[in-house]
Amino acid sequence: MPQPDELAQPEELSTLSKVSTPSALRRLHRGELPSDTVLLARYLIGKLLVHDVLDGRLSGRIVETEAYVSDDAASHAYRGLTTRNRSMFLERGHAYVYRIYGAWDCVNVSSEPPGTGAGVLLRALEPVQGVTVMQARRGTTRVLDLARGPGRLALAMQIDRREDGVDLCAGGPLWLGAGGAAAVVIGESVRIGITREAERRLRFYERANPFVSGPPRLRA
DNA sequence: TATGAGATTGGCT
DNA sequence: GCCAATCTCATAG
């Protein structure tokens with residue numbers, strides 16, 4: 001028997017009151033994005049990821065990111081340009097979507113100047129709009145679990161490798177947004193699920209937000 | 001050319 | 001807690 005807070009809520013009540021009304025939503029332009037990967041990873045916490053699809057608008061508040069900097073052995077771009085990672089070398093604000101473990105797609109935002117391979121992995125969202133569509137795609141009614149984790153996030157947001165290389169700042173259906181003024185308390189930790197460069201504290205998240213992934217000590 | 005590991009998740013023990 | 005699913009790349013032969 002699901003608990004009340006796990007059940008689907010009406011669209012207008014699904015944001016835990018942390019996000020401003022949709023009317024305040026606006027697109028981020030590239031000039032607002034920090035070029036530096038770590039600064040971008042921090043900057044994106046509290047911003048919105050929006051995907052306008054046939055079923056309507058899907059959006060979520062970004063609550064967890066990881067930085068994959070240049071000269072980082074954990075980064076897909078560490079050994080140079082390949083067909084898979086080429087989007088990491090684009091100008092900041094492009095999507096890098098890759099498949100992991102043969103099963104799940106993960107979404108990154110490219111960073112650094114063109115030609116430098118780096119990016120910010122989006123690890124978790126707090127769903128804002130299109131919750132019922134996300135529930136159908138994810139096969140669960142648990143709003144907390146819809147986009148908690150990078151593979152879940154991509155599935156909920158209807159993002160797959162077709163979006164690889166898309167410019168998130170070009171006025172297209174997949175974009176980055178900002179809502180009203182909401183104070184964000186950012187925590188940092190080591191990154192999740194990697195072995196190389198495991199000691200670097202390049203994961204950022206909104207403190208105490210229940211939509212953040214990872215064990216409790218990495219969410220506090 | 002073959003094989004193993006990886007920025008994960010869901011289902012089962 | 002363990003394990004399979006199954007794609008891309010690095011490394012070995």
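Values below: every heavy atom of this structure, side chains too, minus hydrogens, waters and symmetry copies. These numbers come from a predicted model, not from an experiment.
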Using whole Å, report how far [atom1] of [X] lies from [atom2] of [N].
X	N	atom1	atom2	answer
Tyr101(A)	dT8(C)	OH	P	15 Å
Arg79(A)	dT8(C)	CZ	C1'	13 Å
Leu81(A)	dA10(C)	CG	P	11 Å
Arg191(A)	dT8(B)	CZ	C1'	16 Å
Leu121(A)	dG6(B)	CG	P	16 Å
Arg142(A)	dG11(B)	CZ	P	12 Å
Ile100(A)	dG10(B)	CD1	C1'	16 Å
Phe204(A)	dA7(B)	CZ	P	18 Å

Per nearest nucleotide of DNA chain C, the residue lying toward the 5' end, Gly102(A) or Asn85(A), is Gly102(A)
Of Arg152(A) and His76(A), the one whose closest nucleotide on DNA chain B sits nearer the 5' end is His76(A)
For Ile194(A) and for Asp145(A), locate the closest nucleotide of DNA chain B by heavy-atom distance; then report the residue assigned to the nucleotide nearer the 5' terminus.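 Nearer the 5' end of the strand: Ile194(A).
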Among the nucleotides dC7(C), dA7(B), dT9(B), whichever has the atom closest to the side chain of Pro150(A) is dT9(B)
It should be established whether [X] places a side-chain nitrogen or oxygen under 4.0 Å from OP1 or OP2 of nucleotide [N].
X	N	answer
Arg99(A)	dA5(C)	no
Thr83(A)	dC9(C)	yes
Thr195(A)	dG6(B)	yes
Arg196(A)	dA5(B)	no
Arg138(A)	dT9(B)	no

- Task: Please state the P separation for the pair dA5(B) and dG13(C) - nearest whole angstrom.
- Result: 14 Å
Separation of the C1' atoms in dA4(C) and dG4(B), to the nearest angstrom
16 Å
Examine distances only and state if a side-chain atom of Arg92(A) and a backbone atom of Arg30(A) form a donor-acceptor pair shorter than 3.5 Å.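 Indeed, once roles are kept as given, a pair shorter than 3.5 Å links the two residues.
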So do the side chains of Leu146(A) and Phe211(A) get within less than 4.5 Å of each other, counting heavy atoms only?
-> no
One thing to verify: whether Arg137(A) and Asp55(A) come together as a salt bridge, which I'm taking to mean a side-chain N less than 4.0 angstrom from a carboxylate O.
no
- Is the shortest side-chain N to carboxylate O distance from Glu188(A) to Arg42(A) below 4.0 Å?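 Looking at Glu188(A) and Arg42(A), the cut-off is met.
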Near-parallel close stack of Tyr68(A) and dA7(B) base (under 5.5 Å, under 30°):
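Yes; by the centre-distance and plane-angle rule, Tyr68(A) counts as stacking on dA7(B).
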Which heavy atom in Ser110(A) sits nearest to a heavy atom in Ser87(A), and how many Å separate them?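 So the minimum-distance heavy-atom pair works out to CB-O, 3.5 Å.
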- Distance-minimising heavy-atom pair for Phe204(A) and Val38(A):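 Answer, listing the atom of Phe204(A) first, then Val38(A): CZ-CG1, 3.8 Å.
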Any strand, both distances under 3.5 Å, Watson-Crick or G-U wobble: dA5(C) pairs with dT8(B)
Open item on the list: Students often get this wrong, so: under 4.0 angstrom with heavy atoms, is Arg84(A) touching a base, only sugar-phosphate, or nothing?
Closed with: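 Sugar-phosphate only.
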